[in-house]
Amino acid sequence: AHNQRVTEPDALIDDGYTFGGWFINKELTTVYSSTATLNEDTTIYAYWTEENKPGDFTYSGTSAITVSAYKGTSTTMWIPAYIAGVPVTTIPASAFKNQTNLIKVVVPDFITTLGYGIFAGCTSIEELTVPFIPYHTLDNLFYESNSQYSDNQHVPASLKKVSITSEETIKNYSFQKCKYIEEINIPANVTSIGYDAFYECSALLRLNSEVDGVFNVPEGVTEIKAYAFYNCLLVEIVNTGESLSSIGNYAFTGCKSLVQFTIPETVETIGEYAFSGCISITKINSTMDGELNIPFGVKTINTCAFKGLANITKVYIPNSVTDCGYGVFEGCNSIEEMILPFASRRFTDDYDLNYRTFDSLFVTSSYSNWKNTHVPSSIRKVTITKQTIISEATFYNCQYIEEITIPSATTSIGPSAFYGCSALVRLNSTTDGVFNVPDGVKVIKSSLFYNCLLAETINISNSATTIESYA
């Protein structure tokens, strides 16, 4: 097996014990990974945790065991995975009701049925391990009927740590408003995080992590749905895998402590308000503070996706992006430089100028206007990489921008495109005072450079045919 991957052995079964995994050191601190390449003889170590004895429980069944009550006195209840070699598969409703002495509970992976309210009235539980969350929300483990409370209001305030061991999908509302839980662990094979899954988990410090402020989203997750981490106030760093394809609407809205985020190259869609209100973010897809770099592969950035990111100074959007929603960068009032494929929400021939101007990137639709009154005064440099038809009034009255670069393949620049750009000192040029109009532009439209006070030399093609009034 030299320089090859070796699949880890199956879990070992022993009555009275729960298998805890394979490790590569005797201290049991480093988990063995079946994806690791072996290039020498390697010893791996197993460990088990002792369960409560069968006599601590009321149970029944021959081919599958149902545990219906706890009779023990320990504050830790570790339900056996097997009793007399038979798997424990079912815990009925209200099984452990009002066991107020319980502090730690572990439910084994073989369980396939968890009834309503099995921990109803268990007001002292601090740590809970279960294979899955039944009926969508954690509340159903603490409430004796199908809970209509997606805000998990029956989950005890004592509960600080929850581990899910077998779930492949974190269901909608699973932990919504579980505002006392500090640590959650979910399986490595999870592929989807549902709507509102961790909505307003305001005390959550660790997700699949031993480090405060770090959320590790499993590498196989393909979608983070709307509101998934809304108002998770204590998250600082989010790590995701290369399977992620979409970040839902409001997914990280209000995560006020979030300082950095890496968007994988596999992501195609960034939802509305996805990072809105993440006021501490200093970088996205960058090692440099102040930079926001959208990876190539993203196609759509929706309305107000990055609203209020006041620490961002430089923005890069690749040519793969074809559509931006209104106000993608609303409230990003420190941006100094932008590199983007087009100078508005998208390139469009819509009659309404409000859809075509730079302003549309900085304010929602109701207030966008062709006079660009919402463009931050901090912006000094804009580079357009793809749009070859610059629309009418695109940069109208952008009086703080000093340098604009448009594609050399540009064929048309609309009337008043640079009207009132009184600080503009370079157009397609590295020399102050020089404006170079791309050779493909044949008509210099009306009011194109009206009140561009710093232009000293304007170079146009010898093949230009018309210079309109007030150009």
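Worth knowing before you read on, the calculation uses all heavy atoms, side chains too, and leaves out hydrogens, waters and symmetry mates. This structure is a prediction, so every number in the text was calculated from the model and none was measured.
- With hydrogens and angles ignored, the 3.5 Å screen pairs a side-chain donor or acceptor of K171 with a backbone N or O of I133.
- Separation of the Y116 and Y143 ring centroids does not fall under the 6.0 Å cut-off.
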### Query
Taking it one step at a time, do D109 and T165 satisfy side chain to side chain donor-acceptor pair (under 3.5 Å)?
CA-CA 7 Å; D109 287 351; T165 57; 2.4 Å; yes

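- Of the charged side-chain nitrogens involved, at least one lies within less than 4.0 Å of a carboxylate oxygen, so that D289 and K283 count as a salt-bridged pair.
- Put simply, CD on E183 and CG on L159 are 11.0 Å apart, with the number rounded to the nearest 0.5 Å.
- Using modelled atom types, one side-chain atom of S245 and one backbone atom of T222 make a donor-acceptor pair closer than 3.5 Å.
- Residues S286 and Y316 have side chains not in contact (no heavy-atom distance under 4.5 Å, counting atoms from C-beta outward).
- Residues Y230 and F198 place their aromatic rings such that the two centres sit no closer than 6.0 Å.
- Using a distance-only test at 3.5 Å, with no hydrogens or angles considered, a donor-acceptor pair links the side chain of T282 to the main chain of V259.
- To the nearest 0.5 angstrom, I379 atom CD1 is 9.5 Å from F329 atom CZ.
- The distance from atom CG of N239 to atom CG of N216, rounded to the nearest 0.5 Å, is 5.0 Å.
- Between the side chain of T300 and the backbone N or O of D323, no donor-acceptor pair lies under 3.5 Å.
- Under a 3.5 Å cut-off, the side chain of N101 and the backbone N or O of T75 do not form any donor-acceptor pair.
- When each of V235, L204, T253, L207 is checked for a side chain to side chain contact (heavy atoms under 4.5 Å, CB included) with F229, only L207 meets the rule.
- Between the NZ atom of K307 and the CD atom of E272 there is a distance of 12.0 Å, given to the nearest 0.5 Å.
- Between the side chain of T266 and the backbone N or O of E242 there is at least one donor-acceptor pair closer than 3.5 Å.
- A donor-acceptor contact closer than 3.5 angstrom is absent between the side chains of E236 and S257.
- With hydrogens and angles ignored, the 3.5 Å screen pairs a side-chain donor or acceptor of S378 with a backbone N or O of I335.
- Under the ring pair (Phe, Tyr, Trp, His ring centres under 6.0 Å) test applied with Y250, the options Y227, F275, Y199 reduce to a single match, Y227.
- Panel note: side chain S74, backbone T76; a donor-acceptor pair is recorded below 3.5 Å.
- The backbone N or O of S202 lies less than 3.5 Å from no partner atom in the side chain of E200, so there is not a single donor-acceptor pair.
- With no hydrogens or angles considered, no side-chain donor-acceptor pair links T262 and N285 at under 3.5 Å.
- In this structure, T137 and D151 have side chains that are not in contact, with every pair of non-hydrogen atoms separated by 4.5 Å or more.
- Residues E330 and F306 have side chains not in contact (no heavy-atom distance under 4.5 Å, counting atoms from C-beta outward).
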### Task
Show your working on side chain to side chain donor-acceptor pair (under 3.5 Å) between S192 and E223 and close with a plain yes or no.
CA-CA 5 Å; S192 177; E223 57 181 347; 3.2 Å; yes

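- A donor-acceptor pair is defined here as one N or O able to donate and one able to accept, closer than 3.5 Å; no such pair exists between the side chain of S280 and the backbone of L258.
- More than 12 heavy atoms of other shown residues, nucleotides or ligands fall within 6.0 angstrom of atom CD in E182.
- Q176 and D196 form a side-chain donor-acceptor contact under 3.5 Å, judged by distance and modelled atom types alone.
- The aromatic rings of F119 and F142 lie tilted to each other, with the angle between the two planes from 30° to 60°.
- At a threshold of 4.0 Å, the pair D212-R206 counts as salt-bridged, since one of the basic side-chain nitrogens sits closer than that to a carboxylate oxygen.
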